[in-house]
Amino acid sequence: MLVTVGQFSATTDKSANLDAATGLIEQAAAQGARLVVLPENAMYSNPDVTADIVPDSEPLDGPFATAIGALAKKHGIAVVAGMTEAPAGERGKPSNTVLAVDAGGDQLGVYRKVHLYDAFGYRESDRVQAHAPEPLVFTLDDLTFGVLTCYDLRFPEMARFLVDAGAEAFVVPAAWVAGPAKEDHWITLVRARAIENTAYVLASGQTGPVCTGQSAVVDPMGTVVASAGEAPGVASAVIGAERLRAVRAKNPSLANRRFKVLPA
């Protein structure tokens, strides 16, 4: 199947963000993609660490999620996108959530970020709620996809947790903040998660000036088969179970493993 990663720089303008997401979905569908992955925080992104993001958060039946479902149905393509989900009650912090919808516009499920970005001088946990690990996996054609978000990429046990839930490909919406060595960390970690799990990785990152871009599709041998570079746009590649099986036959590291991964 053909899959696409799309990238742009989200801001506090939710209408503009949705317009950008719409354009990427349309491009992916026009290429014949079965799945398009959009970045973390595609709905709304505010780099001001002191800003209150609760008023701009939305429920799963809110305008952004509804629009993504409608776009998926209109173009006949599955969509994965990051959003800021409103707190469940009157008090509390929003969730950094990934929404997955199928080609009919129905929700496949949601993933709420486990590892918050409390690193490199940033504290995501000051305004976002962390969640216990719950695997989001879904099957499309002949492959099963598992979802993780941005900073989760630095935790190999998160990817292995998804493998144990059946994932053969990882979907990684991200807003990978730019900085010294950060771009190298991004592509190194994306390739590492593919190699150690003999799995595909579909990694979508926001672009500059805040983030690195470099969205990519990586195959189970760790080969970058598509890259979007630095500018807003899309990158597409053909992936499939036959290639996955061939790599796992040559490198049976999952079959040879001696440890299990269990949530703390």
Side-chain angles (χ1 to χ4, degrees), residues 2-31 33-46 57-58 60 62-85 95-103 105 107-113 136 138 140 145-153 169-177 186 190 200-208 210-217 226-237:
L2 187 73
V3 296
T4 297
V5 288
Q7 60 181 28
F8 72 103
S9 180
T11 68
T12 57
D13 186 337
K14 292 199 286 186
S15 178
N17 295 339
L18 183 57
D19 286 345
T22 298
L24 296 175
I25 292 169
E26 290 175 344
Q27 288 182 62
Q31 293 178 3
R34 297 275 288 123
L35 168 68
V36 57
V37 183
L38 302 181
E40 176 186 27
N41 298 328
M43 182 193 87
Y44 174 86
S45 183
N46 190 339
S57 62
E58 295 183 7
L60 293 175
F64 180 79
T66 299
I68 292 297
L71 286 164
K73 183 176 182 179
K74 177 181 178 180
H75 296 287
I77 185 172
V79 181
V80 174
M83 62 175 287
T84 305
E85 183 186 357
S95 298
N96 185 331
T97 296
V98 177
L99 170 71
V101 298
D102 65 18
Q107 288 189 11
L108 291 165
V110 297
Y111 166 70
R112 297 177 177 92
K113 194 174 183 183
L136 171 58
F138 61 90
L140 186 62
F145 297 81
V147 179
L148 57 158
T149 307
C150 200
Y151 191 48
D152 286 329
L153 196 63
F170 302 128
V171 176
V172 191
W176 201 264
V177 179
W186 165 253
V190 168
Y200 285 101
V201 179
L202 285 60
S204 168
Q206 287 201 32
T207 55
V210 176
C211 299
T212 63
Q214 304 298 330
S215 300
V217 180
S227 176
E230 298 178 358
V234 300
S236 302

Closest approach of [X] and [Y], non-hydrogen atoms and distance?
{"X": "Ser227", "Y": "Ala235", "value": "C-CB, 3.6 Å"}
{"X": "Leu18", "Y": "Ala67", "value": "CD2-CB, 3.8 Å"}
{"X": "Pro173", "Y": "Leu38", "value": "CB-O, 3.3 Å"}
{"X": "Val98", "Y": "Val147", "value": "CG1-CG1, 3.7 Å"}
{"X": "Ile77", "Y": "Leu35", "value": "CG1-N, 3.8 Å"}
{"X": "Ala175", "Y": "Cys150", "value": "N-SG, 3.5 Å"}

With side chain to side chain contact (heavy atoms under 4.5 Å, CB included) as the test, would you mind laying out the steps for Val172 and Val190 before giving the verdict? CA-CA 9 Å; Val172 191; Val190 168; over 6 Å; no

Holding to salt bridge (Lys or Arg N to Asp or Glu O under 4.0 Å), I want the full list of residues that pass it with Glu26, two or more places apart in sequence or in another chain.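 For Glu26 there are no salt bridge (Lys or Arg N to Asp or Glu O under 4.0 Å) partners, ignoring immediate neighbours.
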
Would you compute the distance between atom [atom1] of [X] and atom [atom2] of [Y] and round it to the nearest 0.5 angstrom?
{"X": "Leu99", "Y": "Arg112", "atom1": "CG", "atom2": "CZ", "result": "10.0 Å"}
{"X": "Thr97", "Y": "Met83", "atom1": "OG1", "atom2": "CE", "result": "6.5 Å"}
{"X": "Arg34", "Y": "Thr4", "atom1": "CZ", "atom2": "OG1", "result": "12.0 Å"}

Pairs involving residues 10-20, ordered by first then second residue, that meet side-chain hydrogen bond (donor to acceptor under 3.5 Å, both in side chains) (sequence neighbours left out):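 Passing the test, one end in residues 10-20: Lys14-Glu58.
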
Keeping the roles fixed (side chain from Gln31, backbone from Val234), state whether a donor-acceptor pair exists under 3.5 Å. no

Hey, is the main chain of Ser215 close enough, under 3.5 Å, to the side chain of Gln7 for a donor-acceptor pair?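 Side chain of Gln7 to backbone of Ser215, a donor-acceptor pair under 3.5 Å: yes, one is there.
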
Result block: side-chain N/O donor-acceptor pairs under 3.5 angstrom for residues 201-208, not counting sequence neighbours:
from	atom 1	to	atom 2	distance (Å)
Ser204	OG	Gly6	O	2.6
Ser204	OG	Val37	O	3.3
Gln206	OE1	Ala10	N	2.9
Gln206	NE2	Glu40	O	2.9
Thr207	OG1	Ser9	N	3.1

Side-chain contact test, heavy atoms from C-beta onward, threshold under 4.5 Å: evaluate it for Leu108 versus Phe145 and give yes or no. no

CA sep, side-chain torsions, deciding dist, call: Tyr111, Asp152, side chain to side chain contact (heavy atoms under 4.5 Å, CB included): CA-CA 12 Å; Tyr111 166 70; Asp152 286 329; 2.6 Å; yes

Looking only at side chains, do Asn96 and Tyr151 share a donor and an acceptor under 3.5 Å apart?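 There is no such pair (donor and acceptor under 3.5 Å, judged by atom type) between the side chains of Asn96 and Tyr151.
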
Are there more than 12 heavy atoms of other residues, nucleotides or ligands under 6.0 Å from atom CD of Glu230? no

How are the rings of Trp176 and Trp186 set to each other: parallel, tilted or perpendicular (split at 30° and 60°)? tilted

